[in-house]
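Per chain, numbering begins at 1; letters A, B, ... match sequence-line order.
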There are 2 protein chains.
Amino acid sequence: MKLIIDCMGGDNSPGANVEGGIIALQKMPGLSLVFSGDEGPIREEIEKNGWTGGRFEILHAPDVITGEDKPTDAIRLKRESSMMKGIKLLRESPDIDGIVSTGATGSLVAAATLRIGRLEGVFRPAFCPILPTMNGGIVGVCDSGANVDCLPIQLVQFAVMASSYMEHTFGIKDPRVALLNIGTESEKGDDLRKEVYKKLSTLPGINFVGNMESRDLLSGKYDVVVCDGFAGNVLIKTTEGTALQLLKKIKKDIYSKPIYKFGALFMKKMFAEEKEFMNYQRYGGSVLLGTEKIIVKGHGASDKTAVAKCIEQAVTMAGSNLSGIIAEKIAAIPADEE
Amino acid sequence: MKLIIDCMGGDNSPGANVEGGIIALQKMPGLSLVFSGDEGPIREEIEKNGWTGGRFEILHAPDVITGEDKPTDAIRLKRESSMMKGIKLLRESPDIDGIVSTGATGSLVAAATLRIGRLEGVFRPAFCPILPTMNGGIVGVCDSGANVDCLPIQLVQFAVMASSYMEHTFGIKDPRVALLNIGTESEKGDDLRKEVYKKLSTLPGINFVGNMESRDLLSGKYDVVVCDGFAGNVLIKTTEGTALQLLKKIKKDIYSKPIYKFGALFMKKMFAEEKEFMNYQRYGGSVLLGTEKIIVKGHGASDKTAVAKCIEQAVTMAGSNLSGIIAEKIAAIPADEE
């Protein structure tokens, strides 16, 4: 198993990316990595961490793509960047399974789609991040931002891809797939939602449970949430933002009165656990479903543990033949009558 | 000042609606109300609460519209419902300023738009609920579900209407208006967002501060968030859902260990305040902006305090000549060159 680690472009790059890679190398003896990025700092990090176990190469790529770069420009003009050189190597190397990046999302999607290519029949790849549910489970949200404008067939494919992903990477049997909507009744929503609802209702091989409202995302009632990338982006960022803001407020309020501070002394561990629970990085990265090779996008703020988790996720995916399963299921979607 | 209270269709109707009305009557001597709904139970509630101060009428309307009713059917077929009879009376009575309802949202929007009519120049009315921010302020989200498919001009009008609302009903000077998007950079998002961004950037009389990400909704950096009704619905329901689920989880975790339970004894008041803080009902209802008369939609789960708060909100709006201000500002939006 061989993966590329894009070592630039994250908030904690290259340190967190290299360290995360070393953690993964220590944990998985069958793994080897290509660190893509500025060679000097990468080599320094490896030495600093005392890794002498080998199983890595360095792909020297001194340039960095940022969120400010337009994706189409990034692809054309930043060929010496860690992301574009990594993607190029991934395309040219049959022995490399995928790439893990904490860099600019838009550029990663564009490069993966144009340079790596889609699985046969896939209209557009889509992101599927994982969130924790309140009963200790997880839920996948697809798409969360790769496709801001969507046709009905895309959402149907998101359902099929994410359902396969949750089943074959996380072992969730017969995942419950819901359509994000503004109400649970079957005729709710805009034309897109109505059309997708109809298609998913009759699609074989998928456990479609109907519309869901965003307030039930964390309820544990659903395994896959299907949505366009705009709404999905709003959904996951609102969840993340609300949880963080609320925990921050509770912390502030605790310090507002001595009696609260006293009580909180006994609950330190609990509050730390709540914060950790809502820390999405712990659940791995956002996988781009529907591409020929494995693309895992870690949060821009990823630390070394988060990067290591993303690498583990890519390894599990590679071992599960997810691409083959998705391609097969996509081919089985009945064509439109029109 | 005279308002209609739709007394049916909420989770706690008619009790909460009538009681909320009585609280408002007690508080505001210049107010009179029309309770629309099943006369027997309404009269019972009034007697049970011992209200003898008059200033109310009862509009007997025994039928109820539910979320299951298709709005277009509800308007045509449920003429004896509390909502439709209330809307009809509102239209026919120059002395009545508005209606407060906790009933089915879709039917209320349809009836208000078709029977009450829009302010001149308004393309479509839009909901603007109010959320608390973490620094003690508030933020208005427009639209939150009345318009699932939107044209650019609609979002521009939402910005103008909501900005006027926040300024003239809540006294926020020069409200900071942001466009909900998947990133803060100016070229982010779909065609709709790009077009609206361009229009808002050059629109006079509005304090447009650019794109915002949903994770910053509660940050206190914005006074108005502009979005299509689908994304807005996802935004507010996710915020509400995440906060409630997280507080529920904390409560459950407290009971999981004796030491946490002990610590929490000293923090009871704080946790009650956090819950109250995230209780949207405390911030009033969702106002439908752009209609000829005042339409306030309370949460379906509204209790009497929430209903009273919605009534107060309607009274404040009526006193501020908001309709006149909105009509004037809408007329001042430059027409498209195309």
Region of [X] in contact with chain B, defined by heavy-atom distances below 4.5 Å:
| X | answer |
| --- | --- |
| A/E213 | side chain |
| A/L192 | neither |
| A/N181 | both |

Using non-hydrogen atoms and a 4.5 Å limit, figure out which bit of B/I236 sits close to chain A: side chain, backbone, both or neither.
neither
Please flag which part of B/T133 lies under 4.5 Å from any non-hydrogen atom of chain A: side chain, backbone, both or neither.
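Neither part.
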Counting heavy-atom pairs under 4.5 angstrom with chain A, the leader among B/E187, B/K248, B/K269, B/M278 is B/K269
Could you check which of B/S219, B/G183, B/G106 has the highest count of heavy-atom pairs closer than 4.5 Å to chain A?
B/S219
What residues of residues 67-78 of chain A sit under 4.5 Å from chain B when only non-hydrogen atoms are counted?
A/G67, A/E68, A/K70
Do the ring planes of A/F262 and B/F266 sit parallel (below 30°), tilted (30 to 60°) or perpendicular (above 60°)?
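Rings of A/F262 and B/F266: perpendicular, as their planes differ by over 60°.
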Do other residues, nucleotides or ligands put more than 12 heavy atoms under 6.0 Å from the NZ atom of B/K249?
yes
Apply the side-chain contact (heavy atoms from CB on, under 4.5 Å) test between B/T242 and each candidate in A/L131, A/L217, A/L218; give the one that qualifies.
A/L218
Between B/T238 and A/T238, do the side chains contain an N or O donor and an N or O acceptor separated by less than 3.5 Å?
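The answer is no; no qualifying pair exists.
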Counting C-beta onward and ignoring hydrogens, is there a side-chain heavy-atom pair between B/M270 and A/I250 closer than 4.5 Å?
yes
Determine which residues belonging to residues 251-260 of chain B lie within contact range of chain A, meaning some heavy atom pair is under 4.5 Å apart, and list them by number or answer 'none'.
B/K252, B/D253, B/I254, B/K257, B/I259, B/Y260
Approximate separation, where rounding is to 0.5 Å, of B/R215 CZ and A/E240 CD:
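So the gap between those two atoms works out to 4.5 Å.
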